[in-house]
Amino acid sequence: MARRLTDTPRPGPTGRAGALSNTIPHKRTRADGGSTSEHLEIEAAAPVLYFGDDEIGQVARAFGHAHAAAVGAALTEARTREGVKSVFLDIAHRSQVVVHRQLEVLDAAQARQEDPALLDIYFRLDHLATRERRNAQNLIILAGGRPGRQWRNPVPLLELARSAAGETADYQRVRIGRLPAVFLVGAAVADVVHLLAELVDNAASFSPPQSWVEITGTAVARGVVVEISDQGMGMPAEDLDRRNELLSAAPDFAVTRLSEDSRLGLFVVSRLAARHGISVRLSDSDHGGVRAIVLLPTVLIEREPPHATPDSSHAVDSRRHA
């Protein structure tokens, strides 16, 4: 038997090895859209080892084809993901242009209007446009990009909390408690406002409409802790563990990762937190709901007020606050 395997030449692929040799390249062609140049690139990427023309050599070539097929499938999936991300970014940037233009028009209309009833309508339209801007930014973040809003100067933490509340659907239900008198560095302002807004939105969405969502904070040795608490029904322990794992891992977003009860905002929060070294964890609140605990590290905090410059401003869309 050993002599037959090692000494007997075979004119071509036969048996199981032959089936693999004929089937796998065909599947690879279908997966890659029939592009011969891509097959050549994949096969050239790895050295081809010669094991002879007997049955062992045929099996070796079949495994080589299987390896090339696996690499080709991975390459195709990577290109598909990049294509989806590009689509996300294009749609988001187009939406941002429209929303920014809409906000400019509303600003001009509000500046020339004195009727309280019309001003209230303009404010509500302005608030809707602000929420739509955050939705567009979510697409950019999930696609790996960065939103365009940036601040050069540090901003008080209280202003960040107010801005985050003002960007949510139920801003009237948000109550801001005691917060330490510290400043957040300008480079992190936009992302932290976005992160807090997503957590406040989650808290308001999963709690009774007549209940409050509270934002409080305290200074700790490692930075500043901001807590967002709701008065909802809470969450089972296994669900808390699963979502805390998502928040700590910052996974690569893919549609296939979403289950029926997944919360898209947590993907965004996870990405933003990882970008700045922020820790976010969910736990049971004292009121029976859920508490989101956000640890802003010391590197993002300034204890002393920054030196004012002629063009500096601490306000973060203050006219949109509740």
Side-chain angles (χ1 to χ4, degrees), residues 120 123-124 126-135 137-138 141 155-182 184 188-220 223-237 239-240 242-244 246-247 261-273 278-296 315-322:
D120 180 66
F123 173 80
R124 284 184 286 172
D126 189 282
H127 181 251
L128 289 174
T130 303
R131 289 171 55 197
E132 180 58 32
R133 179 181 63 186
R134 182 156 58 89
N135 290 336
Q137 291 171 350
N138 282 348
I141 293 167
V155 175
L157 180 60
L158 178 60
E159 285 294 329
L160 266 69
R162 289 176 176 171
S163 182
E167 291 193 5
T168 60
D170 298 315
Y171 61 89
Q172 303 96 330
R173 294 172 48 201
V174 181
R175 185 163 56 189
I176 299 177
R178 183 182 297 275
L179 291 169
V182 297
L184 198 76
V189 167
D191 287 345
V192 172
V193 168
H194 196 133
L195 182 151
L196 294 178
E198 290 292 337
L199 293 174
V200 172
D201 246 350
N202 272 343
S205 299
F206 295 92
S207 59
Q210 70 277 8
S211 64
W212 290 101
V213 174
E214 296 183 335
I215 303 177
T216 58
T218 183
V220 296
V224 171
V225 170
V226 177
E227 296 185 356
I228 300 170
S229 303
D230 64 57
Q231 301 175 20
M233 298 297 294
M235 191 181 300
D239 289 346
L240 276 176
R242 185 168 63 251
R243 284 172 171 81
N244 280 327
L246 169 64
L247 289 170
D261 63 341
S262 290
R263 303 177 187 180
L264 187 63
L266 293 185
F267 279 91
V268 176
V269 170
S270 179
R271 285 286 188 87
L272 294 174
I278 298 172
S279 170
V280 182
R281 184 172 59 87
L282 303 180
S283 67
D284 295 325
S285 75
D286 297 334
H287 307 289
V290 174
R291 176 192 292 119
I293 304 171
V294 181
L295 174 60
L296 304 174
V316 185
D317 295 338
S318 59
R319 58 184 176 81
R320 298 181 176 84
H321 297 162

Derivation and outcome, side-chain contact (heavy atoms from CB on, under 4.5 Å), residues Glu159 and Leu184 = CA-CA 10 Å; Glu159 285 294 329; Leu184 198 76; over 6 Å; no
Apply side chain to side chain donor-acceptor pair (under 3.5 Å) to Arg124 and list each qualifying residue two or more places apart in sequence or on a separate chain.
-> Asp120
Check whether any side-chain heavy atom of Val155 lies under 4.5 Å from a side-chain heavy atom of Leu160, and answer yes or no.
-> yes
In chain order, what residues pass the salt bridge (charged side-chain N to carboxylate O under 4.0 Å, His left out) check against Asp230, with sequence neighbours excluded?
-> none
Find the distance between CD1 (Ile176) and CD1 (Ile215) and round it off to the nearest 0.5 Å.
-> 5.0 Å
Side chains of Asn202 and Val269: does their closest heavy-atom pair fall under 4.5 Å?
-> no
Looking at Leu282, Val174, Leu196, Val280, which hits side-chain contact (heavy atoms from CB on, under 4.5 Å) with Ile228?
-> Leu196
Answer yes if the side chains of Arg173 and Ser211 hold a donor-acceptor pair under 3.5 Å, and no otherwise.
-> yes
Identify the two heavy atoms, one from Thr168 and one from Ala197, that lie closest to each other, and give their separation to 0.1 Å.
-> CG2-O, 3.5 Å
Separation of Leu158 CG from Leu179 CG (nearest 0.5 Å) | 6.0 Å
Output for pair (Ile278 CD1, Ser270 OG), nearest 0.5 Å, gives 11.5 Å
Which heavy atom in Ala164 sits nearest to a heavy atom in Val193, and how many Å separate them?
-> CB-O, 3.7 Å
Could you pull out the closest heavy-atom pair between Glu167 and Arg134, with the gap in Å?
-> O-NH2, 2.9 Å
Starting at OG of Ser207, measure out to CD of Gln231 and round the result to the nearest 0.5 Å.
-> 7.5 Å
Between Arg243 and Leu266, is there a donor-acceptor pair closer than 3.5 Å when you use the side chain of the first and the backbone of the second?
-> no
Are the side chains of Leu295 and Arg281 in touch, meaning some heavy atoms are under 4.5 Å apart?
-> no
Quick one: CZ on Arg133 to CG on Asn138, what's the gap to the nearest 0.5 Å?
-> 12.0 Å
What are the two closest non-hydrogen atoms of Arg271 and Ile141, and how far apart are they?
-> NH1-O, 2.9 Å
Sub-4.5 Å side-chain heavy-atom contact between Val192 and Leu296 | yes
Between the main-chain N or O of Gly177 and the side-chain N or O of Thr216, is there a donor-acceptor pair closer than 3.5 Å?
-> no
With the side chain counted from C-beta on, respond yes when Leu157 and Pro180 share a heavy-atom pair under 4.5 Å apart, and no when they do not.
-> yes
Validation row: Gln137, Val268 side chains within 4.5 angstrom (heavy atoms) | no
Without swapping roles, check the side chain of Arg175 against the backbone of Trp212 for a donor-acceptor pair under 3.5 Å.
-> no
Pairwise distance CG(Asn244) to OG(Ser283) - rounded to 0.5 angstrom = 8.0 Å
